[in-house]
Amino acid sequence: MKDIAIITKESPLFKGLATEELKEILEGNYKEVCYAKGDLVALQGDPCRSLMMILDGTVRSDMTDPAGKLVTIATLTAPDILAPAFIYAARNEFPVDITAMTDLTLMVIGRESFSKLLQQHITVLNNFLRMISDQTQFLTQKIRFLQFGTMKKKLASYFVEKLASVPGIEFQMEESQQALADRFGVTRPALARAIGEMVSDGIIHVEKKKVTVVNAVALKQMAAREG
């Protein structure tokens with residue numbers, strides 16, 4: 001694992017700070033906590049009273065409704081922060097279940113220590129406020145996506161996003177169909193049916209986990225379609 005100051009400097013929370021200044025800020029204010037792959041880091045409803053930044057590894061955040069339906073909200077890696085908007089909430093509880101997808105190391109700063117840090121360093125305070133605002137925008141878009149999009153619109157949006165991250169027209173689906181179904185809040189058969197329809201329509205071609213975009217214009221139109 002890289003030096004903690006190098007990792008944390010990559011976080012939007014500490015943007016604009018020199019490495020030496022960051023080391024001085026962090027000294028004596030944090031502890032490292034480790035988890036094994038598959039461990040539950042937090043359950044929905046657990047107290048959220050510390051800043052928890054990923055130093056190494058990956059976590060998945062899931063939300064479960066009373067009927068047991070699971071929706072994957074996000075996958076987080078270093079140097080992401082777990083539920084920063086809830087540290088100072090009146091009801092400061094984790095809104096999701098957080099599971100370690102790999103061996104995991106977290107940097108944990110208690111709320112009292114973090115409050116002092118924010119008071120003493122205006123740059124960190126401004127970064128934290130911006131981070132919370134950005135997360136609110138992300139969650140708003142996520143709710144709109146899950147609530148109002150059809151299955152094919154959700155898939156098309158996902159594929160357009162993946163396509164933008166590669167130079168050509170092919171990309172790998174790193175997630176399994178079950179993981180994608182959980183992300184979209186649908187059953188695996190419904191997801192498979194939507195993928196099959198997009199293949200039949202000549203929009204994409206799928207070979208195992210490799211997706212080739214055959215008609216990028218139609219894909220983008222589907223992603224932008226209302227409803």
Side-chain angles (χ1 to χ4, degrees), residues 8 11-14 30-115 117-118 124-149 151 153-154 157-158 161 174-176 178-188 191:
T8 52
S11 168
L13 179 62
F14 297 109
Y30 75 93
K31 62 180 180 180
E32 293 185 21
V33 181
C34 297
Y35 297 87
K37 179 181 178 180
D39 283 353
L40 273 172
V41 179
L43 285 171
Q44 188 173 325
D46 281 353
C48 181
R49 296 172 184 157
S50 301
L51 180 92
M52 303 172 72
M53 178 183 290
I54 301 173
L55 296 178
D56 188 43
T58 303
V59 303
R60 188 186 70 213
S61 60
D62 301 314
M63 186 172 288
T64 308
D65 68 14
K69 181 180 178 182
L70 181 144
V71 177
T72 298
I73 303 300
T75 301
L76 306 175
T77 59
D80 289 331
I81 296 175
L82 310 185
F86 292 84
I87 298 172
Y88 294 102
R91 185 177 175 179
N92 54 335
E93 300 173 349
F94 280 96
V96 292
D97 297 334
I98 298 177
T99 305
M101 303 303 293
T102 64
D103 289 345
L104 180 71
T105 303
L106 299 179
M107 178 183 76
V108 179
I109 303 177
R111 186 169 63 180
E112 184 176 339
S113 295
F114 186 58
S115 295
L117 191 155
L118 294 177
V124 182
L125 173 61
N126 287 335
N127 289 343
F128 184 66
L129 293 174
R130 186 178 298 110
M131 181 183 299
I132 291 174
S133 299
D134 289 344
Q135 189 173 72
T136 301
Q137 287 183 330
F138 165 78
L139 292 173
T140 300
Q141 292 169 354
K142 185 77 174 184
I143 291 169
R144 179 180 296 277
F145 175 78
L146 291 172
Q147 187 67 30
F148 300 113
M151 184 64 255
K153 175 181 170 65
K154 294 174 184 179
S157 298
Y158 174 79
E161 181 180 334
E174 298 172 355
E175 297 172 284
S176 66
Q178 185 58 60
L180 273 180
D182 291 342
R183 172 193 286 267
F184 299 146
V186 299
T187 63
R188 183 176 174 178
L191 176 75

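Counting heavy atoms from C-beta on, the side chains of M52 and I98 never come closer than 4.5 Å. Side chains of S61 and F94 form no contact here, defined as non-hydrogen atoms less than 4.5 Å apart. No side-chain heavy atom of L51 sits less than 4.5 Å from a side-chain heavy atom of L117. The side-chain heavy atoms of L13 and I81, taken from C-beta on, include a pair separated by under 4.5 Å.
V59 and I54 get closest at one heavy-atom pair: CG2-CD1, 3.8 Å. Nearest heavy atom pair, residue V96 against residue M63, reads CG1-CE, 3.8 Å. Closest non-hydrogen pair, C34 versus T105, comes out as SG-OG1, 3.8 Å. The two residues T99 and G38 make their nearest non-hydrogen contact at CG2-O, 4.0 Å.
For the salt bridge (Lys or Arg N to Asp or Glu O under 4.0 Å) test, no residue two or more places apart in sequence or in another chain qualifies with E161. Residues satisfying the side-chain hydrogen bond (donor to acceptor under 3.5 Å, both in side chains) criterion with R188, sequence neighbours excluded, are absent altogether. Not counting sequence neighbours, T102 has no partner by the side-chain hydrogen bond (donor to acceptor under 3.5 Å, both in side chains) test. Judged as a side-chain hydrogen bond (donor to acceptor under 3.5 Å, both in side chains), and not counting sequence neighbours, Q135 has no contacts. With sequence neighbours left out, N126 forms a side-chain contact (heavy atoms from CB on, under 4.5 Å) with I122. Taking the salt bridge (Lys or Arg N to Asp or Glu O under 4.0 Å) definition, one finds that D62 meets it with R60, sequence neighbours left out. The side-chain hydrogen bond (donor to acceptor under 3.5 Å, both in side chains) search around D80 returns none, not counting sequence neighbours. Residues satisfying the side-chain contact (heavy atoms from CB on, under 4.5 Å) test with K31, not counting sequence neighbours, are V33, V108. In this structure, the side-chain contact (heavy atoms from CB on, under 4.5 Å) partners of F86, at least two apart in sequence or on a different chain, are C48, A83, P95. Taking R130 as the reference, N127, D134 meet the side-chain contact (heavy atoms from CB on, under 4.5 Å) condition, with sequence neighbours excluded. Shown here are the salt bridge (Lys or Arg N to Asp or Glu O under 4.0 Å) partners of E112, two or more places apart in sequence or in another chain: K116.
The backbone N or O of A36 sits nowhere less than 3.5 Å from a side-chain atom of D103 that would complete a donor-acceptor pair.
Within the structure, salt bridge (Lys or Arg N to Asp or Glu O under 4.0 Å) contacts touching residues 90-99 (residues at least two apart or in different chains) are R91-E93.
In this structure, L55 CG and M107 CE are separated by 6.0 Å, a value rounded to the nearest 0.5 Å.
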